[in-house]
Amino acid sequence: MRIQRSLVFCALGTLSLLTLVAGKALIDQQTAESQANSATVAQQRIGWDHDQHEVHEVHDHHHHEHHHDPGFWKKKVTWKEGWKKIWKPAKKQIWNPSWKQIWKPIWVPVKVPAWKDIKVPAWKQVWKPVWKEIKVPAWKEIQVPDWKKIWKPVWVPTKVPAWKDIQVPAWKQIWVPVWKEIQVPAWKEIQVPEWKQYWTPEWIKVGIPGEKYLGKDPEGWEYTSHDLWKKKLVWKSHWKKIWKPAKKQIWVPSKKLEWKEEWKQIWKPAKKQIWVDDKKLEWKEAWKQIWKPAKKLVWIPDKKLEWKESWVQIWKPAKKQIWVEDKKLEWKEAWKQIWVPGWKEIWVPAWKKIWRPVIISEWFPTPDHHDHHHHEHAEHGWDRKDVQSQGGSKLLWKRDDKATQLKPVATADFQTAKATEVKTSAAVGTQPVAPVASPPHGIKFPGA
């Protein structure tokens, strides 16, 4: 049980670590995508300004060629719909491991007493006649040995010192060429055994059940036959040993010439003292064996009939208690792993609708009144209705080189323009642009 719980805790810890790593990677990927999108929008914006500049140059060139003013281009700020990716909390159903106690039946081996009929040995006394071996005394004529002291001459061997010329061995170092036996690898064509199956026909005997009527003899006796046999041809499997060629690596003996150090035995003359065999005549005391007659008491074997007590082994019935193996059904406690549903707080991506300001150019024809046309070109501002309603208060915008959004300039009438812009946005049904920012510090993404 403890091992299973440890495995569950290890699995949960590994899953939490993987979730943290995946969430961190997701946040890094979203940050990289936001920077890439900002750079792409900035490049598109720069290209748009460049195209507007070319349009103005073409318009001026066309005006000088025809010597008349067909119209003018006017910049205008409008609100463009956009979508911002946000994260909102949600719940995800997960399955948590748990343990449930169950009871399962098992067979427990038990011992049951029983009685077994056995035979126990017993002894019965009987008397039977036997021939007993006995000894009967008698006298026997024998020859007993005796010893007689005598003196006889003998030659006693002796040793006499003498000098003998001998050769004493000595050793001399020499170098002799020898052929050293070495083994050289080679391939040898060999035949390896293999078994091939073949079939041969064989006649076997098959018994015919029942009896067969053979007929009657002249006297009226009926004859039937039993256990008849018939022949049946079957194919019997055999295995034949065949040989197929193969290669075997062997070591071929060869010779290699080497110089070997040896010691040669030489002989030098010397003298050695030896003892030469000789003999000397002496008289030695000896004993000679002789035989003299005598009588000896011996026992002659004989037989005598006697009655001997004996015991005969018999067997009498008895009962013995034994234990017979049996099985008993019991319930054993066990634990089963189950999965319990639960809810996990997660962050899911969503899209929020936002409005951002963009600058567009509109073309207007030149009016007939020269002073009005000159006044329009001299002003060279944006055609904004909110400016006219405010009585000349302006909200200036400039481009930030590091971002793609427009930021308001902190002018004197910035606060009044901002309040008017909010009222205008509410009148036309739009929303003010909110800068794209990272999630607040209080909100944590999954895995962060």
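Note that the numbering runs from 1 along the sequence shown for the chain.
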Would a 4.5 Å heavy-atom cut-off, applied to side chains only, mark K196 and W239 as touching? no

Does K212 have any salt bridge (charged side-chain N to carboxylate O under 4.0 Å, His left out) partners at least two apart in sequence or in another chain, and if so, which? none

Would you kindly check if the NZ (Lys) or CZ (Arg) of K111 is within the cone defined by 45 degrees around the ring axis of W323 and under 6.0 Å from the six-membered ring centre? no

Side chains of S98 and W339, heavy atoms from C-beta outward: is any pair under 4.5 Å? no

Would you please test W343 and Q93 for side chain to side chain contact (heavy atoms under 4.5 Å, CB included) and show each step? CA-CA 5 Å; W343 294 97; Q93 186 179 11; 4.0 Å; yes

CH2 of W221: more than 12 outside heavy atoms within 6.0 angstrom? no

Any ion pair linking K280 and E282 (charged N to carboxylate O, less than 4.0 Å)? yes

Are any non-hydrogen side-chain atoms of I290 and K292 less than 4.5 angstrom apart? no

Are side-chain heavy atoms of R356 and W79 found at a separation under 4.5 Å? no

Is any side-chain heavy atom of W127 closer than 4.5 Å to one of E309? yes

Do the side chains of K164 and K271 get nearer than 4.5 Å, heavy atoms only? no

Are any non-hydrogen side-chain atoms of S361 and K74 less than 4.5 angstrom apart? no

Partners of P121 by side chain to side chain contact (heavy atoms under 4.5 Å, CB included), sequence neighbours excluded? Q313, W315

Residue set satisfying salt bridge (charged side-chain N to carboxylate O under 4.0 Å, His left out) with K244, at least two apart, ordered chain then number -> E194

Are any non-hydrogen side-chain atoms of W107 and L329 less than 4.5 angstrom apart? yes

Which pair of heavy atoms, one from Q197 and one from S237, lies closest together, and at what distance? NE2-OG, 2.7 Å

Show, in sequence, the C-alpha distance, side-chain angles and deciding distance for E133 and K303, and conclude whether the side chain to side chain contact (heavy atoms under 4.5 Å, CB included) test is met. CA-CA 5 Å; E133 298 286 342; K303 291 183 179 181; 3.7 Å; yes

Please determine whether a side-chain nitrogen of the Lys or Arg among D278 and K159 lies less than 4.0 Å from a carboxylate oxygen of the Asp or Glu. no

